[in-house]
Amino acid sequence: MTDGTTGGRPGRGDTGPDRTRLIIGGGAAAILLAIIGAAGGWVLAGDQVRPGPVSSATGTPTPSPTVRTSPPQERPTPNTATTPSNSPSPSRPTGLTVPDLVGADFEEAREELRDLGLGWQLVFGSGDSSSVRSTDPAPGTPVRRGVTVKINVAGAAPPNEVPDLTGETCNEARDELVDDGFSPRYPNGRSGTVTSQQPPGGTVGRWNDVVQIWCGTPPSADASTPAP
């Protein structure tokens with residue numbers, strides 16, 4: 001029977017193998033706590049800190065390469081408003097201007113405009129003067145060929161005799177009416193020869209009066225009667 005002493009020394013209640021297991025168990029618990037702590041730190045850090053691949057030579061994480069994104073380059077906008085150098089300018093002057101016709105006889109003024117390649121429109125006033133009072137556009141205004149110039153005559157339209165146009169081609173009758181100061185109208189077209197007209201040839205009218213001519217087909221009884 002023993003009292004817990006060995007060789008005169010008081011003995012301990014634990015034995016050698018039990019102490020060894022205690023030490024090993026404590027060390028394993030510390031390692032496990034360290035692993036849990038590291039994993040929790042990574043979870044809290046989220047995507048802000050990511051461990052890179054570990055180098056097999058040094059055991060340290062290898063930094064990930066930084067990817068640089070170059071800004072998009074702007075594509076040049078094609079110039080669609082370029083005008084060819086040989087294209088004519090719409091505002092290029094022609095050198096043609098309205099002549100000064102004020103004071104001239106309206107028939108002479110009309111002939112001058114015709115020689116320049118310009119059209120005319122006679123606007124009569126009152127009285128017995130045949131002189132031009134004004135023009136529109138005004139004298140000296142730059143114009144192009146074919147532009148109509150309004151001739152304002154101081155007096156009223158003078159008497160004018162209607163020519164006989166029967167048997168002429170429609171184009172010949174038109175030119176004759178314009179030359180004589182009348183305004184032609186074509187009720188049934190402008191092809192063929194003149195078969196009838198209204199008013200008839202020899203009728204005394206006035207400048208700017210309308211004369212109807214039927215070309216190619218004789219007019220009916222209703223069509224030959226002028227409108228009131």
Side-chain angles (χ1 to χ4, degrees), residues 88 90-228:
S91 60
R92 180 178 297 175
T94 60
L96 182 62
T97 60
V98 177
D100 187 2
L101 305 174
V102 177
D105 184 83
F106 74 87
E107 291 191 57
E108 295 177 357
R110 184 186 69 158
E111 292 302 321
E112 186 170 351
L113 291 177
R114 174 183 286 179
D115 293 341
L116 293 174
L118 300 174
W120 66 89
Q121 178 185 359
L122 296 174
V123 179
F124 292 96
S126 59
D128 56 0
S129 176
S130 61
S131 63
V132 176
R133 182 175 57 189
S134 64
T135 61
D136 185 16
T141 303
V143 290
R144 293 181 177 273
R145 293 186 181 275
V147 171
T148 298
V149 177
K150 182 184 297 184
I151 302 175
N152 298 306
V153 185
N160 203 0
E161 183 177 345
V162 178
D164 185 3
L165 307 170
T166 305
E168 297 183 7
T169 66
C170 201
N171 290 335
E172 291 173 346
R174 176 201 61 196
D175 294 340
E176 188 173 349
L177 287 174
V178 171
D179 290 340
D180 290 349
F182 294 100
S183 298
R185 296 293 185 272
Y186 317 93
N188 66 333
R190 298 173 57 174
S191 61
T193 59
V194 178
T195 58
S196 182
Q197 68 181 76
Q198 186 61 39
T203 303
V204 178
R206 290 186 176 273
W207 279 74
N208 282 356
D209 281 354
V210 172
V211 176
Q212 299 183 84
I213 54 176
W214 284 263
C215 302
T217 303
S220 61
D222 295 337
S224 60
T225 304

[Y] side chain reached by [X] side chain, heavy atoms, under 4.5 Å:
X	Y	result
Leu101	Pro139	no
Ser183	Val210	yes
Gln197	Val162	yes
Leu96	Leu118	yes

Keeping the roles fixed (side chain from [X], backbone from [Y]), state whether a donor-acceptor pair exists under 3.5 Å.
X	Y	value
Asp179	Glu176	no
Asn160	Phe182	no
Arg190	Asn171	no
Glu107	Ser130	no
Thr195	Trp214	yes

Point-to-point distance, once rounded to the nearest 0.5 Å, from [atom1] of [X] to [atom2] of [Y]:
X	Y	atom1	atom2	result
Thr193	Leu165	OG1	CG	11.5 Å
Leu113	Ile151	CG	CD1	4.5 Å
Arg145	Leu116	CZ	CG	7.0 Å
Glu111	Trp120	CD	CH2	7.0 Å
Asp175	Thr169	CG	OG1	8.0 Å
Gln212	Asn188	CD	CG	10.0 Å

Taking side-chain contact (heavy atoms from CB on, under 4.5 Å) as the test, write out the residues that go with Asn152, two or more places apart.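 For Asn152, the residues satisfying side-chain contact (heavy atoms from CB on, under 4.5 Å) (neighbours in sequence not counted) are Val123, Arg133, Ser134, Lys150.
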Tell me whether the count of non-hydrogen atoms from other residues, nucleotides or ligands lying under 6.0 Å of CG in Asp128 goes above 12. no
Which heavy atom of [X] sits nearest to which heavy atom of [Y], and what is that distance?
X	Y	result
Pro184	Arg174	CG-CG, 4.0 Å
Ser129	Val153	O-CG1, 3.9 Å
Trp207	Leu122	CE3-CD1, 3.7 Å
Thr135	Val149	CB-CG1, 4.1 Å

Applied to residues 166-201, the disulfide bond (SG atoms under 2.5 Å apart) test, sequence neighbours excluded, yields Cys170-Cys215
